[in-house]
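First comes the structure, then the notes that go with it.
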Amino acid sequence: MKGDPRNLGFATRAVHAGQEPDPRTGAVAVPIYQTSTYVQHAVGEGAEFEYARVQNPTRWALEKQVAALEGGHAGHAFASGMSAIACLLTILQAGDHVVISRNTYGGVYRYVSRILERYNLAFSWVDTRDLAAVEAAMRPETKLVYIETPTNPLMDITDLAAAAELAHARGARMAVDNTFLSPYFQRPFEHGADFVVHSTTKFLNGHSDSIGGALVSRTAEDAEWFTLVQKSAGAILSPFDCFLVMRGIKTLAVRMERHEQNARRIVGYLAGHTKVRKVLYPGLPDHPGYEIQKRQASGFGSMITLEMGSYAAAKSLLDRLRVISLAESLGGVESLASHPASMTHASIPPERRAQLGLTDGMVRLSVGIEDVEDLLADLEQALA
Ligand SMILES: Cc1ncc(COP(=O)(O)O)c(C=O)c1O
């Protein structure tokens with residue numbers, strides 16, 4: 001397309017943002033610049049492109065695309081969601097404090113509790129659904145409120161606008177892990193966030209064939225800092241992975257619609273099933289976060305957590321599924337099922353999992369875009 005797609009609709013931006021035709025050939029798909037370095041004309045003249053850890057046109061195209069979808073100033077792409085989060089947390093200095101959702105992805109808990117806390121950084125793990133608890137946890141040295149909503153796998157919903165207001169009133173900033181909903185359904189900057197992080201491994205790439213992460217910042221000043229960290233620490237996303245994620249993002253709008261359509265049918269079936277004790281899905285009107293989610297997002301996504309009542313019941317379901325595969329991760333075109341307590345959240349000590357309500361009987365489903373009748377039949381035979 002000609003011109004700036006920033007004011008166009010979401011699906012148009014997903015297809016076109018950052019995807020300018022290649023200046024030399026007019027190639028519609030951004031080429032994979034699989035090079036480590038660039039020839040320079042003469043000593044002392046410098047060049048726009050010098051070394052590919054710092055400058056890579058394929059990565060820049062993806063970074064623009066993600067920033068345009070989230071509505072941020074700039075994006076930075078990393079080798080994993082965890083390295084995007086690690087880059088974000090470099091805004092902290094020794095002595096700083098963070099208020100963080102008590103139920104984040106298990107890897108975030110591991111990174112914070114085993115690594116960052118050694119560097120004189122303090123973290124308060126708070127049920128961020130409870131705004132009074134967020135307020136009570138704030139300290140003079142609180143620099144960041146870090147929120148996952150919906151949480152993985154408990155599906156807790158935090159009121160983003162209210163949390164941002166609390167953070168800003170105390171001079172702190174707010175980061176949101178938007179992996180579960182993607183910018184198609186939820187755009188945290190519209191609710192006051194200062195930073196958005198993604199595991200692009202999930203819905204953004206959407207095809208379970210790349211590990212990656214993105215960090216989007218609201219201001220030029222923060223973006224400048226992350227550019228420095230990205231080039232210095234160097235955990236960049238490879239050109240080929242950037243290509244895969246860009247390609248995935250182009251179909252994000254249609255995939256998310258189908259993911260959610262399938263999820264709603266499955267929730268409808270499972271919510272009435274005698275062998276399922278409870279279905280955690282923010283699109284169910286009796287979910288405690290339903291009203292907030294309706295207000296701050298345009299959809300409910302395709303992540304569903306089931307409480308089966310016991311480890312044996314969870315295992316029985318997981319062992320019998322045929323179309324839906326037992327695997328960690330989520331957000332791909334194929335439906336996956338996992339056992340959070342022993343898989344994605346195994347790095348959280350059992351007593352802490354118990355405090356959170358993350359039980360051994362939980363099964364997490366990432367509903368894909370297959371024919372929903374096949375998914376329903378698979379669940380039916382596995383539960384029979
Ligand atoms: C919500 C969420 N954030 C971050 C991550 C970490 O991303 P990655 O595995 O790409 O490092 C994950 C991984 O499962 C996740 O589910």
Side-chain angles (χ1 to χ4, degrees), residues 62 66 70 75-89 98 100-116 125 128 146-158 160 175-186 188 193 195-216 230 233 235-238 241-242 244-245 248-249 256 259 280 282 297 301-305 325-332 334 336-348 356 358 362-367:
L62 167 65
V66 177
E70 284 292 358
H76 290 88
F78 294 91
S80 67
M82 283 313 305
S83 54
I85 293 166
C87 178
L88 162 71
L89 296 174
V98 179
I100 182 165
S101 292
R102 61 180 191 155
N103 165 223
T104 56
Y105 165 61
V108 174
Y109 180 76
R110 179 177 53 216
Y111 183 58
V112 164
S113 59
R114 298 197 44 198
I115 300 173
L116 291 186
W125 298 86
T128 52
Y146 179 103
I147 286 174
E148 228 182 271
T149 181
T151 62
N152 177 7
L154 296 172
M155 304 293 162
D156 293 345
I157 304 298
T158 294
L160 290 175
V176 179
D177 183 333
N178 202 26
T179 298
F180 261 38
L181 288 177
S182 89
Y184 182 69
F185 284 135
Q186 176 170 277
F195 311 101
V196 174
V197 288
H198 277 279
S199 168
T200 60
T201 313
K202 316 300 195 258
F203 290 101
L204 290 185
N205 176 57
H207 293 74
S208 305
D209 52 13
S210 157
I211 296 278
L215 166 58
V216 187
Q230 186 191 44
I236 47 166
L237 190 61
S238 80
D241 285 278
C242 291
L244 289 176
V245 179
I249 287 176
M256 292 312 286
H259 276 295
L280 304 179
S302 65
M303 298 303 299
I304 305 168
T305 299
S325 305
L326 174 68
E328 300 209 2
S329 203
L330 58 110
E334 59 291 287
L336 301 178
S338 69
H339 182 246
S342 66
M343 295 167 74
T344 49
H345 291 68
S347 56
I348 297 177
L356 296 175
L358 200 170
M362 281 181 171
V363 168
R364 190 188 75 184
L365 297 178
S366 169
V367 178

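In each ligand, atom 1 is the first atom listed, and ligand 1 is the first ligand listed.
- A donor-acceptor pair under 3.5 Å is absent between the side-chain atoms of Gln230 and the main chain of Ile236, judged by distance alone.
- If you number the atoms of ligand 1 from 1 as listed, the ones under 4.0 Å from a heavy atom of Thr201 come out as 10 (O).
- Residues His339 and Thr344 have side chains not in contact (no heavy-atom distance under 4.5 Å, counting atoms from C-beta outward).
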> Given Thr201 and Ser329, is the side-chain contact (heavy atoms from CB on, under 4.5 Å) satisfied, shown in steps?
Replying inline: CA-CA 8 Å; Thr201 313; Ser329 203; 4.1 Å; yes

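- Panel note: side chain Asn103, backbone Asn152; a donor-acceptor pair is recorded below 3.5 Å.
- The side-chain heavy atoms of Arg364 and Met343, taken from C-beta on, include no pair separated by under 4.5 Å.
- Between Tyr146 and Leu88, the closest side-chain pair of non-hydrogen atoms falls below 4.5 Å.
- Each of the following atoms of ligand 1 lies closer than 4.0 Å to a heavy atom of Gly81: 7 (O), 8 (P), 10 (O), 11 (O).
- Checking only distances, Ile85 never comes within under 3.5 Å of ligand 1, N or O to N or O.
- Shortest contact from atom 3 (N) of ligand 1 to any protein heavy atom: Asp177 OD2, 2.6 Å.
- What sits closest to atom 13 (C) of ligand 1 on the protein, heavy atoms only, is Lys202 NZ, 3.0 Å.
- Residue-to-ligand polar distances keep Ile211 apart from ligand 1: every N/O pair is separated by 3.5 Å or more.
- Annotation: Asn152 places an N or O atom under 3.5 Å from an N or O atom of ligand 1; distance criterion only.
- Short contacts between ligand 1 and Ser80, defined as distances under 4.0 Å to a heavy atom of the residue, involve ligand atoms 10 (O), 11 (O).
- Under a 4.0 Å criterion applied to the non-hydrogen atoms of Gly212, ligand 1 contributes the atoms 10 (O).
- Considering only heavy atoms from C-beta on, His345 stays 4.5 Å or farther from Leu356 through its side chain.
- Distances below 4.0 Å separate heavy atoms of Glu148 from the following atoms of ligand 1: 1 (C).
- Inter-residue side-chain proximity for Leu62 and Ile249 is flagged as met; some heavy-atom pair is nearer than 4.5 Å.
- In this comparison of Phe78, Tyr105, Phe180, Tyr111, the heavy atom closest to atom 12 (C) of ligand 1 sits on Tyr105.
- Counting only heavy atoms of the protein, atom 11 (O) of ligand 1 lies nearest to Met82 N, 2.9 Å.
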